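Below: one structure in structure tokens.
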Amino acid sequence: VLLTRGVEKDLRALQAGYADVLVLGYWNGGVWDYVREEAERLRDRGLIRQIALSTHRPPVVVGDAKNLASVFHLRYSAADTRVEHEVIPR
């Protein structure tokens with residue numbers, strides 16, 4: 001409910017009918033069910049177009065989150081290239 005109220009309030013303030021992306025930031029575990037359901041409802045209602053997920057744990061993306069989000073923000077370092085092997089398909 002809080003997520004929906006916030007998105008609706010911000011869209012009114014922006015005088016916009018929808019947002020292109022809703023970023024669920026810094027989820028290093030699984031996305032909580034009620035947050036997932038609320039984000040999906042916002043997408044189904046057309047208030048957001050895409051759901052993005054930000055995480056420092058690439059295995060979160062490989063797991064259940066890939067069915068929720070279509071945009072991912074992952075920590076990457078040239079010194080630590082695990083993300084290339086854990087997430088990016090070959």
Side-chain angles (χ1 to χ4, degrees):
V1 174
L2 290 176
L3 182 61
T4 298
R5 286 183 188 162
V7 168
E8 290 172 342
K9 177 181 170 255
D10 291 341
L11 289 174
R12 280 193 303 275
L14 292 168
Q15 298 180 343
Y18 66 91
D20 287 319
V21 179
L22 172 67
V23 179
L24 303 177
Y26 202 69
W27 285 89
N28 287 328
V31 177
W32 300 332
D33 288 341
Y34 77 91
V35 172
R36 167 192 296 277
E37 291 165 4
E38 204 165 345
E40 289 174 335
R41 277 195 300 272
L42 286 166
R43 184 175 54 200
D44 292 345
R45 290 177 54 200
L47 296 179
I48 61 171
R49 298 286 195 243
Q50 305 293 325
I51 298 171
L53 182 69
S54 170
T55 182
H56 284 202
R57 296 194 58 234
V60 169
V61 174
V62 176
D64 194 38
K66 69 181 175 186
N67 296 321
L68 170 68
S70 56
V71 178
F72 297 98
H73 176 253
L74 304 170
R75 183 183 70 178
Y76 179 80
S77 166
D80 181 2
T81 59
R82 284 180 294 173
V83 70
E84 292 179 17
H85 307 287
E86 295 175 347
V87 176
I88 300 170
R90 300 225 177 241

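On a predicted model such as this, the values are computed, not experimentally measured, just so you know.
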task: Could you work out the complete set of other residues in the hydrophobic cluster of Y18, with links drawn between I, L, V, M, F, W and Y side chains under 4.5 Å apart?
output: none
query: CD/E37 to CG/L42 distance, rounded to the nearest 0.5 angstrom?
result: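 Atom-to-atom, E37:CD and L42:CG are 12.0 Å apart.
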- prompt: OG1 of T55 to CG of L24: how many Å apart, nearest 0.5 Å?
  reply: 11.5 Å
- prompt: Are I48 and L11 in one and the same hydrophobic cluster, where Ile, Leu, Val, Met, Phe, Trp and Tyr link if side-chain heavy atoms are under 4.5 Å apart?
  reply: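 Yes, one cluster joins them.
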query: Shortest non-hydrogen contact from A39 to L22?
result: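 Closest pair (atom of A39, atom of L22, distance): CB-CD2, 4.2 Å.
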- prompt: Atom CZ of R5 and atom CG of L3: how far apart are they, to the nearest 0.5 Å?
  reply: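 R5 atom CZ to L3 atom CG measures 11.5 Å (nearest 0.5 Å).
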- line: Minimal heavy-atom distance between G17 and L47, with the atoms involved, is O-CD2, 3.8 Å
field: Heavy-atom pair with the smallest gap, counting every atom of R43 and I51
entry: NH1-CD1, 3.6 Å
- line: All heavy atoms of E38 vs all of T4, minimum pair found to be OE2-N, 2.6 Å
message: Are L68 and L53 packed together at the side-chain level, in the sense that at least one heavy-atom pair is separated by less than 4.5 angstrom?
response: no
